[in-house]
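Just so you know, ligand 1 is whichever comes first in the structure, and atom 1 is the first atom listed for that ligand. Bear in mind the structure is a predicted one, so any value in this text is a computation, not a measurement. For the single chain, residues carry numbers from 1 onward in sequence order.
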Amino acid sequence: MSVVTIDGPSGSGKGTIAQLLADELGWHLLDSGALYRVLAYAALEKNISIDDESDALIDLAEHLPVSFSTIDGVTHAMLDGESVEQHIRTETAGNAASKVAAMAGVRQALLGRQHDFAEPPGLIADGRDMGTKVFPNAAAKIFLTASVEDRAQRRYNQLKQKGFDANFRALSQEIAERDARDANRAASPLRPADDAYLLDSSGLTIEQVLQLAKAYLAEKAVI
Ligand code: C5P
């Protein structure tokens with residue numbers, strides 16, 4: 001049973017590549033960012049502050065009733081059996097997620113749940129610390145990056161496509177701020193694992209990135 005990790009900053013195309021690889025290989029997919037997004041959303045719904053690490057927040061992380069369900073071919077994050085997909089995909093939710101994700105206790109509380117995704121025939125794990133912390137022994141590790149402009153443009157297109165309002169300048173700024181918070185935090189900062197394959201997707205199409213990722217997996221004898 002192999003685990004392939006795909007880490008990188010927001011908007012690098014990780015989610016898309018992870019989903020395509022999982023579909024193509026028939027493997028499981030862990031969208032770890034969704035766990036932090038759902039946690040932040042659930043906390044705000046329950047009036048639990050996300051500004052400080054508290055027992056209530058850790059307790060919620062430990063017992064979070066989160067699951068994933070495929071509805072009409074689309075994966076939905078579910079909270080208490082209800083889809084929260086529309087609520088958790090906004091930039092505001094992403095920022096709230098990055099706040100709770102900066103807390104060491106929260107990360108620890110969600111660790112076992114992430115390990116549970118590693119089941120045969122294989123797992124594609126998408127996140128920030130999949131290769132460094134959650135699956136350090138993964139068979140292959142990809143660190144996907146892209147320029148801030150490329151990432152803001154992709155996020156903009158994605159949000160528009162989903163029917164959300166989006167402002168390019170505000171998005172670029174939010175992405176840069178979120179990157180800084182993710183890269184500079186003490187608990188599992190965003191950084192490539194020493195043995196990761198660095199893939200810069202700036203200016204490449206999804207298909208080109210997918211081919212490069214597959215060539216790397218073939219070289220590592222994972223596929
Ligand atoms: O990947 P996504 O944009 O959904 O992640 C939302 C936020 O969750 C990130 O900005 C990051 O702060 C946090 N995250 C994390 N570790 C992961 C996945 C996401 O800290 N493995």
Residue pairs involving residues 155-171 (criterion side-chain hydrogen bond (donor to acceptor under 3.5 Å, both in side chains); sequence neighbours excluded) | E91-R155, Q153-N157, R155-Q158

Got the residues with a heavy atom under 4.0 Å of ligand 1, by chain and number?
-> K14, S32, G33, Y36, R37, A97, S98, A101, R107, G127, R128, D129, M130, R155, R178, D182, R185

Say whether, by atom type as modelled, one donor and one acceptor occur between the side chain of S32 and the main chain of D126 under 3.5 angstrom.
-> yes

Do L190 and F143 come close enough that some side-chain heavy atom pair is under 4.5 Å?
-> yes

Taken in chain and number order and not counting sequence neighbours, the residues that satisfy side chain to side chain donor-acceptor pair (under 3.5 Å) with E219 are none

Under the side chain to side chain donor-acceptor pair (under 3.5 Å) test, which residues partner D55, sequence neighbours left out?
-> none

Between S54 and D52: side-chain donor-acceptor atoms closer than 3.5 Å = no

